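Report on the following structure.
Counting starts at 1 for both ligands and their atoms, following the listed order. Bear in mind the structure is a predicted one, so any value in this text is a computation, not a measurement. We number each residue from 1, following the sequence as shown.
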Amino acid sequence: MADSSGLSIMGEELPSVLISEIGGTFGILESHVEFLKKHFNLITMKEFHKNKEELHERIKSIFVFERRPVIDPELLESLPNLKVIGNSGVGVNHLNLKLITSFGVKVTNTPHAVSDSTADIGMALMLASARRLVEGCCLATSPDTTHFAVNWLGVEVSRATLGIIGMGSIGYKVAKRAKAFDMKILYHNRNRRKEEEEQEVGATYCKNIDDLLQQSDFVMLVVSLTPETHNLIGKRELELMKPTATLINICRGAVVDQDALVEALQNGVIKAAALDVTYPEPLPRNHLLLQMKNVIITPHIGTATVQALRMMTEEAVENILAVLNDLPIPSEVIPK
Ligand SMILES: O=C(O)C(=O)CO
């Protein structure tokens, strides 16, 4: 892994950093451990619980990966020298920012590392839904299939209108990709992008989200989950969309009112949905969304690439070292 930070604390013992565990489904990738150990003395939660008395004053940072370890008041109270929580990933809705910062602890995230891989998943879901890829795979592997029925047709994304809700770094990368597919691009964002940025990707700003919903063939959600964006897309918004439109969600499940979505899909209010995120994750096996032919669901794999995970670890390490060395912090998350 690239050692771009050059920030290890020279001449000092490596700072102790708490991690959930190494390996397993939710632990740190074993191939990242060597890199992390160049900068930190890693302490797993298991070691911490076994030896709290000796370790609690030494821990300066917590490296959060896959929402673990869980940061609760008890953990924060037990770490008097904690300076920073380095989240590996951009979304921090699993962290109570107000609580954490009330302990004088900073929070950082990794917006740069995740943007390409998450934008790719957005495009992959849009294309897969438009061209009925999952259904097509099932047809191809079905023993009864000789040829697809002549009226078994998908639609093209070329020249269709894509409405991007949330034009941060991921949304912007989606727009760049969509431009290459000759899509017409609309976007809604709290803050309008600079004119030259809009021109670069050919995106038109919709101040009013309703205009975007009414005009788009594909609506892609790329916002952070906050109290303002919780259930941002509900019954009213779905009813504004075209009956031929597809909803793609690559941010957080709770941005959509899922019951309203099920109803809209059942009643033909919209045509289809492609979701990398749901609530809960995973959905219960008997959930209606898992049974609909016009829905594609992936298990939150936006950053599940070799490259993204490597860059997330590197970006998180840079952030943590910047805080511990009292240097400008590349990506600090400030509670609103
Ligand atoms: O970076 C994040 O927050 C993710 O959810 C990755 O998909």
Side-chain angles (χ1 to χ4, degrees), residues 19-20 25-29 32 36 62-71 84-97 100 106-126 128-129 164-175 177 189-190 220-230 232-233 247-256 258 273-283 296-320 329-336:
I19 59 170
S20 57
T25 308
F26 299 107
I28 302 228
L29 270 191
H32 290 191
L36 285 164
I62 306 175
F63 181 97
V64 174
F65 177 63
E66 293 289 351
R67 301 171 182 76
R68 288 165 182 82
V70 173
I71 311 293
V84 52
I85 292 175
N87 187 62
S88 176
V90 67
V92 289
N93 53 293
H94 52 291
L95 298 173
N96 183 338
L97 296 181
I100 295 167
K106 294 193 185 301
V107 176
T108 64
N109 68 349
T110 62
H112 307 291
V114 304
S115 58
D116 280 315
S117 64
T118 312
D120 284 350
I121 268 294
M123 293 303 288
L125 285 172
M126 178 166 62
S129 181
I164 302 172
I165 301 182
M167 196 61 134
S169 49
I170 300 171
Y172 197 71
K173 294 243 167 137
V174 169
R177 286 156 173 71
N189 201 40
R190 261 177 320 188
M220 197 176 302
L221 305 174
V222 205
V223 293
S224 317
L225 176 61
T226 63
E228 292 76 42
T229 61
H230 183 259
L232 178 72
I233 302 298
L247 182 72
I248 301 137
N249 190 359
I250 56 170
C251 56
R252 288 292 180 267
V255 168
V256 178
Q258 223 161 247
L275 314 168
D276 187 41
V277 286
T278 55
Y279 66 87
E281 282 173 7
L283 287 173
I296 296 179
I297 300 196
T298 49
H300 201 146
I301 55 172
T303 54
T305 67
V306 173
Q307 294 86 344
L309 281 200
R310 176 173 41 77
M311 290 189 289
M312 283 157 69
T313 298
E314 287 169 0
E315 202 174 342
V317 167
E318 262 183 65
N319 282 320
I320 294 172
I329 308 162
S331 300
E332 181 175 0
V333 185
I334 315 266
K336 299 239 157 50

Number the atoms of ligand 1 from 1 as they appear, then name those within less than 4.0 Å of a heavy atom of [X], with their elements.
| X | value |
| --- | --- |
| Val114 | 1 (O) |
| Arg252 | 2 (C), 3 (O), 4 (C), 5 (O) |
| His300 | 4 (C), 5 (O), 6 (C), 7 (O) |
| Gly89 | 1 (O) |

Can you spot which of Ile165, Asn249, Thr118, Ile170 makes a side-chain contact (heavy atoms from CB on, under 4.5 Å) with Val222?
->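 The side-chain contact (heavy atoms from CB on, under 4.5 Å) with Val222 is passed solely by Ile170 among Ile165, Asn249, Thr118, Ile170.
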
Spell out, as yes or no, whether a donor-acceptor pair under 3.5 Å connects the side chain of [X] to the backbone of [Y].
| X | Y | answer |
| --- | --- | --- |
| Thr110 | Ala113 | no |
| Asp276 | Ile301 | yes |
| Thr229 | Ser224 | yes |
| Ser115 | His112 | yes |
| Thr108 | Glu332 | no |

What do you reckon, does Asp276 have a nitrogen or oxygen under 3.5 Å from a nitrogen or oxygen of ligand 1?
->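 For ligand 1, there is no N or O atom that lies under 3.5 Å from one belonging to Asp276.
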
Nitrogen or oxygen atoms of Cys251 and ligand 1 under 3.5 Å apart =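 No.
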
Met312 touching ligand 1 at heavy-atom level, < 4.0 angstrom =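 Met312: no contact with ligand 1 (<4.0 Å).
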
4.0 Å heavy-atom contact, Thr118 with ligand 1 =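 It does not; every heavy atom stays at 4.0 Å or beyond.
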
Output the distance between atom CG (Asn109) and atom OG (Ser331), rounded to the nearest 0.5 Å.
->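 Interatomic distance, Asn109 CG to Ser331 OG, rounded to 0.5 Å: 5.5 Å.
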
Taking atom 1 (O) of ligand 1 as the reference point, the nearest protein heavy atom with its distance |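 Checked against all protein heavy atoms, atom 1 (O) of ligand 1 sits closest to Val90 N, 2.8 Å.
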
